[in-house]
Amino acid sequence: MHSLLRSCLYGLLWLSVTACAEDIEHPRLLLGASEVAQVVVDAESAPMFKFELDKMKTSMAERMAGEIDVPVPADAGGGYTHEQHKRNYKAIHDAGTLYQLTADERYADYATKILIAYADLYPTLGDHPKKKEQSPGRLFWQSLNEAVWLLYSIQGYDAILPTLTSAEKKHIEDNVLVPMATFLSDESPQTFDKIHNHGTWAAAAVGMTGYALENDEMVQKALYGLDKSGNSGFIKQLDMLFSPDGYYTEGPYYQRYALMPFIIFAKSIDRNNPELGIFKYRNDILVKAVYGAIQLSYNDFFFPINDALKDKGLDTAELVYGVDIIYALTKDPALLSIAQLQKKVILSADGLAVAQGVSESLQKTFPYRTLQFSDGENGDK
């Protein structure tokens, strides 16, 4: 009885707290403003979801107990500054998520402080001192990492945007979010327009920034390439990087890696431009890609084709996103058995749907079977 009453009161609280967010449609990427109140109420009865939420709270408490550190870039991959900037984008993302799911303004304040520190730093940067020649970044030695930073950080920004003052919003957007999106797109055409996973990460980051900032020019470039002709960009990548069977051109290991920007950006597209029918595009190619990734494994590990790390398996974060988002779309109980193996869900309405399905014992054994995958966009390579 007490639990039910607490849930009802919490739901009423969030109906008022999120009213402003709904008016201006934030958050509007993986988690929608209209979903927040119900997610908060239902989380109590979904153990997998609650476990992830509690784990994120614990991790964030440890982060918030220390000093904010936004160092001047100095190190290549694996070095201190490289790893610290990775920790920071996860902190921005997680703090934004926790703000939405708890209404605790300390999380929004923490994310704001980190973003302001980046807005102070980013305009002072040129190419990274240890830059990779083919695609240098500014915060990181290659622009791929820059795109990953933006993809995570824009989700956190989207989540806290309703809490920002006009001055904070302008400072963060004008000095880090827009300049980074511009750097990844107009200033890096050789990467942005490339039909390759680096291009996918860049398109996803810029497109999601466009949605969060209500900048349709960014969205159109992300979808259809810098000249918006459709000869490059996210849609062209869907056309060319997967075979008709959903096999990714770089093999199972990179299929796992590339799923993250493909699936997250597709979810954002579906929320903001549902008329595009992105999950139906090319005969459900993204749905096939998630099922294909699962089939391209043995004993829960991906077949190590190309320069693959052999310890990557079905419990990787990328496939957690894939399984949760596609389950919410298809309600296929076989995907719940994969979620059980993963033992984690994403903190969104899609992740909650998976956690509820597992809690209700709806899962069925995933149908592994012998398959022949074609390669190449037409299946003839």
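Quantities reported herein were computed from a predicted structural model and do not represent experimental measurements. For the single chain, residues carry numbers from 1 onward in sequence order.
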Colleague: Could you walk me through whether Leu371 and Leu296 pass the side chain to side chain contact (heavy atoms under 4.5 Å, CB included) test, one step at a time?
Modeller: CA-CA 9 Å; Leu371 293 170; Leu296 288 160; over 6 Å; no

Colleague: What is the minimum heavy-atom distance between Ile346 and Phe49, and which atoms define it?
Modeller: O-CE1, 3.7 Å

Colleague: Only counting residues at least two apart or in another chain, list the ones meeting ring-ring contact (aromatic ring centres under 6.0 Å, His included) with Phe265.
Modeller: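 Partners of Phe265 by the ring-ring contact (aromatic ring centres under 6.0 Å, His included) criterion, ordered by chain and then number, come out as Phe234.
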
Colleague: Quiz question: by atom type and distance under 3.5 Å, do the side chains of Asp120 and His171 form a donor-acceptor pair?
Modeller: yes

Colleague: Quick one: which residue pairs count as a salt bridge (Lys or Arg N to Asp or Glu O under 4.0 Å) with a foot in residues 179-191, not counting sequence neighbours?
Modeller: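 Pairs touching residues 179-191 that pass the test: Arg138-Glu187, Asp186-Lys221.
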
Colleague: Quick one: OG1 on Thr81 to NE2 on His85, what's the gap to the nearest 0.5 Å?
Modeller: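 One gets 5.5 Å once the value is rounded to the nearest 0.5 Å.
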
Colleague: Do other residues, nucleotides or ligands put more than 12 heavy atoms under 6.0 Å from Tyr368 OH?
Modeller: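 Enclosed: over 12 neighbouring heavy atoms sit under 6.0 Å from OH of Tyr368.
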
Colleague: Using distance alone, with no hydrogens and no angle criterion, decide if Ser337 and Gln363 have a side-chain donor and acceptor under 3.5 Å apart.
Modeller: no

Colleague: Run the salt-bridge test on Glu35 and Arg271 with the 4.0 Å N-O cut-off and return the result as yes or no.
Modeller: yes

Colleague: Are any of the side-chain heavy atoms of Phe279 and Ile325 separated by less than 4.5 Å?
Modeller: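 When only atoms from C-beta onward are counted, Ile325 and Phe279 do touch, with a gap below 4.5 Å.
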
Colleague: Not counting sequence neighbours, list each pair that qualifies as a salt bridge (Lys or Arg N to Asp or Glu O under 4.0 Å) and has a residue in residues 366-381.
Modeller: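 Counting only pairs at least two positions apart or across chains, the salt bridge (Lys or Arg N to Asp or Glu O under 4.0 Å) contacts touching residues 366-381 are Glu377-Lys381.
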
Colleague: Just checking, any donor-acceptor pair under 3.5 angstrom between side chains of His26 and Asp158?
Modeller: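 A pair is found: one side chain offers a donor N or O, the other an acceptor, under 3.5 Å apart.
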
Colleague: Kindly indicate whether the side chain of Leu276, heavy atoms from C-beta on, has any atom under 4.5 Å from the side chain of Ile235.
Modeller: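 No. Closest side-chain heavy atoms not under 4.5 Å.
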
Colleague: Any side-chain heavy atom of Ile154 within less than 4.5 Å of one from Tyr211?
Modeller: no

Colleague: Is there a side-chain contact between Leu352 and Val345 (heavy atoms, below 4.5 Å)?
Modeller: no

Colleague: Do Lys130's NZ or CZ and the ring of Trp141 fall within the cation-pi criteria of under 6.0 Å and 45°?
Modeller: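 Judged by the rule (NZ or CZ under 6.0 Å from the ring centre, within 45° of its axis), Lys130 is not positioned above Trp141.
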
Colleague: Could I get the full list of side-chain contact (heavy atoms from CB on, under 4.5 Å) partners for Gln84, not counting sequence neighbours?
Modeller: Asp69, Pro71, Tyr80, Arg87, Asn88

Colleague: Ion pair present between Asp127 and Lys131, side-chain N to carboxylate O less than 4.0 angstrom?
Modeller: yes

Colleague: For the OG atom of Ser45 and the NZ atom of Lys50, what is their distance to the nearest 0.5 Å?
Modeller: 11.0 Å

Colleague: Do you see a donor-acceptor pair shorter than 3.5 Å between the side chains of Glu250 and Tyr257?
Modeller: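 Checked: Glu250/Tyr257 side chains show no N/O donor-acceptor pair below 3.5 Å.
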
Colleague: Quick one: are Phe242 and Arg282 in side-chain contact, heavy atoms under 4.5 Å?
Modeller: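 Yes - at least one pair of side-chain heavy atoms lies under 4.5 Å apart.
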
Colleague: For the residue pair Tyr107 and Asp94, confirm or rule out a side-chain donor-acceptor distance under 3.5 Å.
Modeller: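 Asp94 and Tyr107 do not have a side-chain donor-acceptor pair below 3.5 Å.
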
Colleague: Nearest 0.5 Å please: distance from the CG atom of Leu319 over to the CG atom of Leu314.
Modeller: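 Rounded to the nearest 0.5 Å, the CG-CG separation comes out at 6.0 Å.
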
Colleague: Just say parallel, tilted or perpendicular for the rings of Tyr298 and Phe303, cut-offs at 30° and 60°.
Modeller: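 Parallel, since the angle between the ring planes stays under 30°.
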
Colleague: Test Phe140 against His82 for ring pair (Phe, Tyr, Trp, His ring centres under 6.0 Å), laying out the working first.
Modeller: CA-CA 6 Å; Phe140 298 93; His82 180 96; 5.2 Å; yes

Colleague: According to salt bridge (Lys or Arg N to Asp or Glu O under 4.0 Å), does anything in residues 339-352 pair up with another residue at least two apart or in another chain? List the pairs.
Modeller: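 As it turns out, the salt bridge (Lys or Arg N to Asp or Glu O under 4.0 Å) pairs with a partner in residues 339-352, which skip direct neighbours, are Lys267-Asp350.
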
Colleague: Taking the six-membered ring for Trp, are the ring centroids of Phe302 and Tyr253 within less than 6.0 Å of each other?
Modeller: no

Colleague: Within the 3.5 Å criterion, strictly below it, is a donor on Asn215 or Glu217 matched to an acceptor on the partner's side chain?
Modeller: no

Colleague: Taking C-beta and beyond as the side chain, do Arg256 and Tyr248 meet within less than 4.5 Å on heavy atoms?
Modeller: no

Colleague: With rounding to the nearest 0.5 angstrom, report the CD1 to CD1 distance, Ile338 to Ile326.
Modeller: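 Ile338 atom CD1 to Ile326 atom CD1 measures 14.0 Å (nearest 0.5 Å).
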
Colleague: Take Met260 and Tyr321 through the side chain to side chain contact (heavy atoms under 4.5 Å, CB included) test and state the conclusion after the steps.
Modeller: CA-CA 7 Å; Met260 180 77 91; Tyr321 276 87; 3.7 Å; yes

Colleague: To the nearest 0.5 Å, what is the distance between CG on Asp109 and OH on Tyr99?
Modeller: 9.5 Å

Colleague: Quick one: side-chain contact (heavy atoms from CB on, under 4.5 Å) partners of Ser185, sequence neighbours excluded?
Modeller: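 By the side-chain contact (heavy atoms from CB on, under 4.5 Å) rule, Ser185 matches Phe192, Val206, Leu226.
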
Colleague: Are the side chains of Leu341 and Phe366 in contact, using a 4.5 Å heavy-atom criterion?
Modeller: no

Colleague: Does any part of the side chain of Trp149, heavy atoms only, come nearer than 4.5 Å to the side chain of Ile92, both counted from C-beta?
Modeller: yes

Colleague: Check the pair Ser143 / Leu184 against side chain to side chain contact (heavy atoms under 4.5 Å, CB included), numbers first and verdict last.
Modeller: CA-CA 7 Å; Ser143 62; Leu184 290 169; 4.2 Å; yes

Colleague: So with a 6.0 Å cut-off around CD of Glu275, is the heavy-atom count from everything else above 12?
Modeller: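 Yes, CD of Glu275 has more than 12 neighbouring heavy atoms, counting only those of other groups under 6.0 Å.
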
Colleague: How long is the gap from OG on Ser361 to CD on Gln340, to the nearest 0.5 Å?
Modeller: 7.5 Å

Colleague: Please identify which of these residues, Val176, Thr182, Asn175, meets the side-chain contact (heavy atoms from CB on, under 4.5 Å) condition with Val178.
Modeller: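 In the set Val176, Thr182, Asn175, the residue that makes a side-chain contact (heavy atoms from CB on, under 4.5 Å) with Val178 is Thr182.
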
Colleague: For a side chain to side chain contact (heavy atoms under 4.5 Å, CB included) check, start with the C-alpha distance between Ile264 and Leu29, then their side-chain angles and the critical distance, and finish with the verdict.
Modeller: CA-CA 8 Å; Ile264 289 181; Leu29 299 175; over 6 Å; no

